[in-house]
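Predicted model only: the values in this text are computed from it and were never measured.
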Amino acid sequence: MNASTRSSLPLWPAIRPIAGPLLGLLLVLGLFWFLEPDAFLSARNLRTVSVQTVIVGLGAIGMTFVIASGGIDLSIGSVIALASVVAAAVAKAGYDPMLCAMAGVATGAVCGLVNGLVIARLGVIPFIATLGMMGVARGVAKWLASEQKIDAPAGWLENLMSKAEDYRILGLPQAVWLTLLLAILLGLVLRHTVLGSHTLAIGSNEDTARLCGVRVGRTKIWIYVLCGIFGGLAGVMTFGRLTVGDPTTAIGEELDVIAAVVIGGASLAGGEGRIAGSILGALLMAFLANGCNLTGVPNYVQEILIGVIIVAAVAVDRYRHRTMEA
Amino acid sequence: MNASTRSSLPLWPAIRPIAGPLLGLLLVLGLFWFLEPDAFLSARNLRTVSVQTVIVGLGAIGMTFVIASGGIDLSIGSVIALASVVAAAVAKAGYDPMLCAMAGVATGAVCGLVNGLVIARLGVIPFIATLGMMGVARGVAKWLASEQKIDAPAGWLENLMSKAEDYRILGLPQAVWLTLLLAILLGLVLRHTVLGSHTLAIGSNEDTARLCGVRVGRTKIWIYVLCGIFGGLAGVMTFGRLTVGDPTTAIGEELDVIAAVVIGGASLAGGEGRIAGSILGALLMAFLANGCNLTGVPNYVQEILIGVIIVAAVAVDRYRHRTMEA
Amino acid sequence: GSGDAEGGSSEEAKYELAVIPKGTSHEFWKSVHSGARKAEMELPVSITWMGPSKEDDRIAQIEVVDNFISKGVDGIVISPLDDTALVPVLKEAKAEGIPVVVVDSGVNWDGYESFVATDNRQGGVVAARHLAELIGGEGKVMMMRYFEGSASTSKREIGFLDTIRDEFPKVEVVSGNQFGGATSDECYQTAENLLINHQEIDGIFCACEPTTFGMLRALQDSDRAGKVRFVGFDATDKLLEGLRAGEIDGLVLQDPFRMGELAVQRMVEHLEGKPVDKFVDTGVTVATQENVDTEAIRALWNVDFDKWLK
Amino acid sequence: MRGVRKAFGPVQALAGVDLEVRPGEVHALIGENGAGKSTLMKVLSGAHRADAGSMQLDGSDYRPSGPLDARAHGVAMIYQELTLAPHLSVLENIWLGREKRGRFGRMDRKAMRPAVEAALERLEHPDIRPETLVSALSTGARQLVEVARALVGEAKVLVMDEPTSSLSRKDTERLFQVVQRLREDGVSVIYISHFLEEVEEIADRFTVLRDGETVGSGVIGEVEIERIIEMMVGRSLDEVFPQVPHEAGGVALRAQGLRGPRLLEDASFELRAGEIFGIAGLVGAGRTELLRVLQGLVPATGGRFEYLAAAKTPSGLLSEDRKEEGLAINLSLGENLTLGHAQPLLQGPWLSHARRRSLTQTWIDELAVRCAGPDQPIGDLSGGNQQKIAFARLLHAGVPVLLLDEPTRGVDVGSKVEIYRLMGKLAAQGKALLVVSSYLPELLGVCDRIAVMHRGVLGPARPVAECTEHGLLEEATRGVGEVLAATETAR
Ligand SMILES: Nc1ncnc2c1ncn2[C@@H]1O[C@H](COP(=O)(O)OP(=O)(O)OP(=O)(O)O)[C@@H](O)[C@H]1O
Ligand SMILES: Nc1ncnc2c1ncn2[C@@H]1O[C@H](COP(=O)(O)OP(=O)(O)OP(=O)(O)O)[C@@H](O)[C@H]1O
Ligand SMILES: [Mg+2]
Ligand SMILES: [Mg+2]
């Protein structure tokens with residue numbers, strides 16, 4: 001790519017790294033637009049899908065950091081459930097929605113902190129550390145909620161996720177804007193701050209990062225705390241959407257979140273990852289589910305499709321890498 | 001360890017590599033024996049737990065190979081379900097139990113083959129390839145079974161898993177013996193054959209293995225086929241146990257299987273892994289669940305406990321490695 | 001619309017309905033589906049049957065409802081996974097002019113047009129009375145619960161426990177807090193473990209199909225089937241077999257086929273401007289060895305899926 | 001540094017080392033593989049903490065808490081193993097750990113850029129752009145980035161641990177000029193290299209380590225090279241390139257117009273049994289790729305090659321990258337040695353561990369490998385001994401054609417001599433050896449014929465008697481504008 005072609009396509013450098021998931025998304029959009037021309041691309045349906053992307057999208061923002069650092073967080077589904085239960089419990093006790101949200105986010109942060117400490121200080125690999133947390137957080141959530149859901153008034157947290165006209169901003173629900181804002185912010189953090197650069201450095205070559213004086217342990221702890229915070233936030237949004245705190249929510253959600261990040265172009269080997277790509281990955285999966293519903297495709301077909309798409313996305317990406325090198 | 005202490009403890013060299021999971025198992029046994037002295041170590045309960053270990057145990061045998069080669073197989077739960085559905089469908093069509101079993105195992109082998117091909121030929125990392133298969137196999141299982149259980153006569157497959165006196169051999173159900181036999185056989189394969197040694201070499205350093213003329217791709221395909229076969233066998237046992245083919249069975253079981261292998265001392269980085277350890281890991285988890293049920297400990301406590309134990313097992317193992325080095 | 005793929009003549013299909021179960025992989029829902037299909041064939045309506053993409057996942061079910069609101073169907077028939085969580089999205093449907101009929105499980109909202117269901121609590125009450133009678137009004141009983149957060153089974157379980165406590169003081173519940181798990185195999189495993197520690201029990205109750213199935217297998221396997229009085233819930237071939245063999249002493253049956261049929265009928269009636277009943281109880285019945293093959297009971301379990309779901 | 005000790009488990013890497021470096025001098029640290037040079041420097045740079053001993057810097061006690069702290073004290077280090085993060089840019093790598101921060105932890109790339117450009121300018125490589133990803137750079141360019149990293153920021157002491165192992169002669173010259181200038185600025189440079197002629201060229205004084213202890217130090221020029229070698233290996237070496245008589249036989253490997261996917265453009269040659277054939281060239285010339293194509297690890301995209309020897313596995317490759325590719329570090333000596341050729345160990349379908357042990361022991365004795373036994377993890381061995389096991393693997397496999405890629409990279413003088421002798425013996429046994437090396441004296445010392453590869457094209461092979469270092473170098477750099485200037489300085 002030389003300077004002249006670069007200037008003739010001013011957006012290309014920004015788009016190239018996320019070309020894969022973007023193309024995938026456009027394919028899915030095209031397919032369902034063809035099958036269901038009226039409903040699929042209606043403003044109302046776009047709004048619907050945007051809300052459906054919020055929870056996985058928030059999770060994917062945090063997960064992008066973890067995966068870029070060469071780690072993985074299997075506990076995020078359980079953390080979402082635990083945070084939703086904590087937020088609901090606080091709401092039930094009559095506190096302000098703001099406090100509920102903060103409690104939920106703090107819960108996520110604590111889970112992330114424990115993950116980070118176990119990984120960075122005890123040297124347990126992320127897969128195992130977060131697999132453990134997956135059980136622990138889920139168990140604690142059930143325990144706190146006495147093994148049932150907690151009904152509580154969500155207040156304006158409910159409005160955040162609401163598609164009703166009263167609560168929309170520029171046509172989209174508030175939570176969607178919040179997610180977008182956070183995505184842009186964290187995208188900047190990943191690319192343009194020291195924390196982001198260290199995250200990528202650790203994922204790229206941990207020993208090097210250590211030798212260069214990066215505080216690898218401490219950075220990892222921050223990364224998992226960050227992921228926990230986003231898990232907590234997703235939990236709060238889950239509470240807002242369900243208006244109940246549900247200890248059995250988001251079972252298996254970690255795999256959706258990881259799939260979104262991977263479809264978005266991140267490598268589980270670390271060193272790569274883009275928030276924009278992850279959000280596109282989350283959108284792709286949401287549109288796929290939505291399109292399957294609209295066209296009445298049975299769930300098992302959808303399950304098969306998503307499996308195939310995940311593998312195809314990565315296989316195509318690998319192929320692209322290989323041919324680009326040659 | 002010098003020759004004299006070695007000879008004074010003739011079994012030590014054989015036990016040392018699995019000392020960790022063995023100790024963990026003894027701790028769990030001791031704890032619940034103390035809490036529930038009569039029931040816990042009764043012949044009947046031991047028999048029960050042994051049967052409950054069969055399915056995870058079979059899966060863990062195959063998974064040990066995959067993990068020792070530096071890979072992972074997230075699809076095994078879905079493969080178990082698919083194999084159980086196929087076996088049931090064949091039984092329902094009136095064929096012989098032997099044929100059902102073969103069909104189930106073959107189904108697992110095909111899934112493993114696809115995993116292996118995607119990993120070895122398309123270069124997709126195991127996490128993603130098998131994550132895709134997880135969705136695909138589950139979807140196909142639901143589709144084949146028309147989203148319900150397939151009720152079919154399991155014939156002597158049912159007797160395999162039966163604890164009834166008529167079907168026991170030396171006090172234990174036949175399937176338990178079968179699992180033990182396969183564990184010993186595959187343990188020998190891992191330690192004392194070229195396939196096993198190549199598996200460990202690939203897990204230790206794939207490039208070196210390739211350099212030395214190991215057919216890495218082909219070996220990987222075999223490894224995933226092997227894991228698929230054991231998944232299929234576990235599926236057949238599931239059918240024998242449930243006497244129905246259930247497309248929703250074994251959801252999340254992959255994590256149990258992986259946990260068993262990891263508790264058993266394998267490293268997800270590859271190059272390490274012992275079948276004996278994995279079986280002990282599976283036993284530990286089964287005894288834990290059993291003990292919790294017997295003593296009436298709520299399920300969430302059990303969930304928390306298992307999470308903590310997984311992390312502790314790995315952390316202790318890391319600590320032991322570090323101090324042994326120092 | 002896409003309803004023509006569902007059969008029925010598209011000429012007649014004036015209304016397009018979404019029917020949303022709690023999950024798709026279960027006989028119970030197949031029966032509801034069959035009932036709904038029967039109504040579809042008889043009425044000027046086409047239905048799309050679509051469960052949550054993840055079995056028993058509240059958020060996934062909300063998303064399905066959302067998607068159908070987006071699509072602009074004429075009516076939504078739903079069996080809500082949660083009595084509270086689904087309320088906002090159902091309200092939204094109503095605000096968009098899409099009427100809602102609730103089936104099987106209730107919601108904390110009265111904006112629906114009709115509620116077609118079994119009284120779940122009543123199911124537990126009936127089971128408790130039947131079991132207590134079987135053991136002669138005294139002894140030890142055990143109940144294995146389904147999984148955490150399953151609302152309709154909780155109601156049955158509570159109905160059972162309350163009835164035992166209030167009406168049968170001599171019956172002791174020795175274990176009532178253990179969850180079997182979400183799948184049949186997990187329930188089976190838990191049942192085995194529970195039975196080991198409770199050798200001296202007289203009766204067992206399980207409030208849904210997976211737990212009943214798991215318990216039945218565990219009883220069969222430990223040679224105790226038929227020796228302990230056992231009341232379960234729902235009907236599948238395996239459970240009916242157990243009932244006929246005397247291994248199960250009673251199955252509380254609902255009428256899922258009728259639920260599906262009535263729910264769609266009510267919706268169509270509403271759309272045609274006719275008044276409909278706010279609540280329709282499809283009732284619970286206890287099937288026993290004696291009555292299981294009678295005409296009335298047969299209709300409850302012998303749904304010909306192949307006929308309806310082809 | 002005084003009485004520094006450091007142990008890794010049972011291995012006493014440093015057993016009381018004394019080192020004194022004066023301001024503004026270039027101090028060479030030399031010693032065999034595993035003598036403890038890198039470990040000592042890692043202690044100095046804070047990457048390891050010493051078990052005992054003391055350090056003083058500018059007269060005051062110095063105890064770095066970590067690499068960053070050492071850097072703050074003015075100790076900069078170029079590590080032996082490439083330590084770059086491939087997914088980051090050149091600029092990010094150079095500043096890694098010491099980034100200039102703007103507000104909110106923002107990376108102030110603008111502020112960091114000039115220093116990077118200046119450092120690359122000093123190395124006369126402004127062609128390496130600061131924003132390029134390191135993964136897109138060649139091995140040589142990466143090493144330059146590593147050097148640039150040490151040049152950015154004030155340093156009082158600069159440690160270079162084998163900085164030239166992947167550098168071309170030209171870049172090495174430039175590096176030496178930079179070192180000269182640093183010395184003039186009063187910076188102390190500690191220079192580690194196995195190339196003693198480099199040491200002679202650049203260093204003022206030297207310290208020799210052996211088995212984790214200081215065995216001597218002195219002023220370069222005052223002590224003869226032979227004497228230094230004697231200190232290193234503990235005995236005197238009679239000859240650096242031992243000659244084992246061997247006779248070329250029939251053709252063992254023939255290649256015609258071979259092309260590879262990346263760098264290899266055109267290679268035609270014939271390799272004979274009982275012959276040592278050398279390939280010279282600059283970094284990135286495509287020599288490694290040629291060997292990988294011949295081994296079948298990379299598919300040829302054009303041309304053809306055939307092995308004429310009748311053997312099941314006709315060739316074996318000794319990798320240039322021992323750590324990443326050559327050996328499975330976690331596996332034992334025996335497992336590494338027999339990997340890929342387990343036939344002799346089989347009893348029916350089963351592998352015999354006892355046989356593996358005894359067979360490995362035979363090779364250990366034959367090649368005088370210093371180790372605890374066949375079951376020791378190979379990662380515990382020193383580089384030279386690891387290389388011997390890698391060699392032993394090819395011998396165990398019994399391949400008639402050996403493809404040796406930089407067989408003595410990072411190997412000390414003593415081990416080098418043993419490897420040269422081994423190569424001679426193999427040729428005498430009728431094996432065909434294809435040797436790629438960037439170390440010209442070595443090619444001239446052991447090969448029978450030498451060809452030069454330039455930008456993927458392999459030149460004609462000449463008998464070694466017709467080759468000179470100057471001539472080979474010229475051929476290797478032919479076509480590049482500044483060649484002449486560079487070779488002038490080299491002379
Ligand atoms: N991290 C480590 N763990 C265990 N042993 C180590 C470690 N680092 C070095 N050693 C051992 O310490 C000894 C000294 O190693 P060191 O790397 O300092 O040698 P060196 O003089 O730099 O050799 P070379 O010339 O090959 O680079 C060797 O025996 C080596 O195997
Ligand atoms: N097909 C390949 N895939 C990946 N890396 C390769 C491939 N071929 C060569 N390389 C790597 O690229 C680098 C340059 O290869 P090349 O063959 O040009 O090197 P060379 O001439 O042997 O010089 P040197 O090895 O000294 O860098 C080497 O580090 C080599 O390991
Ligand atoms: Mg060194
Ligand atoms: Mg090379």
Side-chain angles (χ1 to χ4, degrees), chain B residues 1-3 6 13-14 16-17 67-70 121 123 184-219 222 265-274 318-326, chain D residues 7-11 51 291-292 295-298 312-332 334-356 375 377-380 389-390 393-394 396-397 399 403 405:
Chain B
M1 180 98 347
N2 60 32
R6 204 185 280 163
R16 205 183 48 165
I67 289 182
S69 80
R121 298 294 174 238
I184 292 170
L185 185 70
L186 273 291
L188 288 175
V189 169
L190 184 57
R191 290 288 139 192
H192 295 282
T193 66
V194 175
L195 175 67
S197 129
H198 285 185
T199 302
L200 290 165
I202 290 173
S204 186
N205 189 337
E206 193 173 324
D207 288 333
T208 306
R210 190 170 288 117
L211 181 77
C212 295
V214 173
R215 300 195 171 176
V216 174
R218 198 190 277 202
T219 309
W222 275 115
S267 150
L268 284 177
E272 279 172 76
R274 301 206 161 240
R318 281 222 25 115
Y319 180 77
R320 201 168 53 98
H321 265 286
R322 242 185 287 177
T323 49
M324 251 170 40
E325 273 165 20
Chain D
F8 296 104
V11 182
D51 301 336
L291 296 194
R292 299 183 77 82
Q295 177 67 14
L297 290 173
V298 175
K312 196 166 151 249
T313 26
S315 68
L317 174 65
L318 187 80
S319 172
E320 66 178 333
D321 193 345
R322 205 165 45 224
K323 207 173 124 207
E324 290 299 320
E325 182 186 42
L327 299 167
I329 293 295
N330 301 327
L331 297 187
S332 71
E335 284 162 330
N336 267 289
L337 199 146
T338 55
L339 184 53
H341 296 278
Q343 260 64 35
L345 311 180
L346 288 181
Q347 285 177 329
W350 306 112
L351 282 178
S352 158
H353 292 287
R355 254 191 230 182
R356 172 183 280 158
D375 293 332
I378 199 151
D380 292 354
I389 295 292
R393 175 160 59 211
L394 302 187
H396 163 70
V399 292
L403 310 171
D405 200 358

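- Note: L339(D) leads L317(D), L339(D), N330(D) in heavy-atom pairs under 4.5 Å with chain B.
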Atom pairs and distances, donor-acceptor, side-chain atoms in residues 205-214 of chain B, under 3.5 Å, two or more places apart:
residue, atom, partner, partner atom, Å
N205(B), OD1, D207(B), N, 3.1
N205(B), OD1, T208(B), N, 3.3
N205(B), OD1, T208(B), OG1, 3.4
N205(B), ND2, T208(B), OG1, 2.9
N205(B), ND2, E324(D), O, 3.1
N205(B), ND2, L327(D), O, 3.0
E206(B), OE1, K220(B), NZ, 3.2
E206(B), OE2, R210(B), NH2, 3.1
E206(B), OE2, K220(B), NZ, 3.1
T208(B), OG1, E325(D), O, 2.6
T208(B), OG1, L327(D), O, 3.1

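- Remark: T193(B) pairs with no residue by the side chain to side chain donor-acceptor pair (under 3.5 Å) rule, at least two apart or across chains.
- W350(D) and V189(B) make their closest contact through CZ3-N, 4.1 Å (heavy atoms, listed as atom of the first residue, atom of the second, distance).
- Residues of residues 341-348 of chain D lying under 4.5 angstrom from chain B, judged on non-hydrogen atoms, are H341(D), A342(D), L346(D) by number.
- Summarising the geometry of H353(D) relative to R191(B), their closest heavy-atom pair is NE2-O, 2.9 Å, with the distance given to 0.1 Å.
- Near-neighbour residues of residues 195-203 of chain B relative to chain D, defined by a heavy atom under 4.5 Å from a heavy atom of that chain, comprise S197(B), H198(B), A201(B).
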